Chemist: 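My structure is below; once you've seen it, I'll send some questions.
Below, all heavy atoms of this structure are taken into account, side chains as well, without hydrogens, waters or symmetry copies. Predicted, not measured: the structure shown is a model, and the values here were computed from it.
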Amino acid sequence: MVRFQIGEVFAHVPKDEVETRIEEMKEATCKTLEKLEQEKESLISQMAELKKVLYAKFKDSINLEED
């Protein structure tokens, strides 16, 4: 038996079940991370396109931050 935190409560859970839950949590976290990284790349490309449009319109009158 291992103490495992579920929400705000610690419960005594068999070690095998805890290992299974941890693996599931790791997989879910990795999927979420991949999704967020894809979203980040999409946003970065959108920002680059918008910067091109703004620089084309305002030339040197504006100064956009570089990443």
Chemist: Nearest 0.5 Å, please: how far is CD in Gln46 from CG in Leu50?
Modeler: 7.0 Å
Chemist: Evaluate side chain to side chain contact (heavy atoms under 4.5 Å, CB included) for Thr32 paired with Lys35, printing each intermediate quantity in order.
Modeler: CA-CA 5 Å; Thr32 303; Lys35 179 182 172 187; 5.7 Å; no
Chemist: Would you compute the distance between atom CD of Glu41 and atom CG of Leu36 and round it to the nearest 0.5 angstrom?
Modeler: 12.0 Å
Chemist: Looking at Glu49 and Lys52, is there a salt bridge between them, counting it only when a charged N and a carboxylate O are closer than 4.0 Å?
Modeler: yes
Chemist: Please list every donor-acceptor pair under 3.5 Å in which a side-chain atom of residues 3-25 meets a protein atom from a residue at least two apart or in another chain.
Modeler:
| residue | atom | partner | partner atom | Å |
| --- | --- | --- | --- | --- |
| Gln5 | NE2 | Gly7 | O | 3.0 |
| Glu17 | OE2 | Arg21 | NE | 3.4 |
| Glu17 | OE2 | Arg21 | NH2 | 3.0 |
| Thr20 | OG1 | Asp16 | O | 2.9 |

Chemist: When rounded to the nearest 0.5 angstrom, what is the spacing between CD1 in Ile62 and NZ in Lys51?
Modeler: 10.0 Å
